[in-house]
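Data block below; observations after.
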Amino acid sequence: MPIFVQGVNYYAFSIPIWFLGGALVLLVDARRCREAGHRKDEKFARFAGWLNIALGACFLVREWVV
């Protein structure tokens with residue numbers, strides 16, 4: 001039977017990356033698409049940014065609960 005049963009938890013490292021990645025997509029990529037006039041790309045960038053932030057929030061809540 002192993003001494004260390006829990007193993008490595010990567011959620012502590014990945015949650016800030018989800019939030020930071022979503023914020024960067026919203027602040028940088030969506031703005032560049034808007035300035036260039038690419039409306040479809042801007043919509044997708046906003047969707048992807050908010051999806052990253054929502055997934056980060058879900059993983060954060062999961063980490064608190066479990």
Atom of Asp29, atom of Ala45 and distance for their closest heavy-atom approach
OD2-CB, 3.6 Å
Inter- and intrachain pairs under ring pair (Phe, Tyr, Trp, His ring centres under 6.0 Å), touching residues 46-66, at least two apart:
Tyr11-Phe59, Trp18-Phe59
Got a list of side-chain donor-acceptor pairs under 3.5 Å for residues 33-44, not counting sequence neighbours?
from  : atom 1 : to    : atom 2 : distance (Å)
Arg39 : NH1    : Glu42 : OE1    : 3.1
Glu42 : OE2    : Arg46 : NE     : 3.4
Glu42 : OE2    : Arg46 : NH2    : 3.4

With clusters defined by side-chain heavy atoms of hydrophobic residues (ILVMFWY) lying less than 4.5 Å apart, directly or transitively, does Val25 cluster with Phe19?
no
In Å, rounded to the nearest 0.5 Å, how long is the span from SG of Cys58 to CD of Glu63?
13.5 Å
Hphob cluster co-occupancy, Ile15 + Leu51, side-chain heavy atoms under 4.5 angstrom:
yes
CG-CG distance between Leu20 and Leu27, expressed to the nearest 0.5 angstrom
10.0 Å
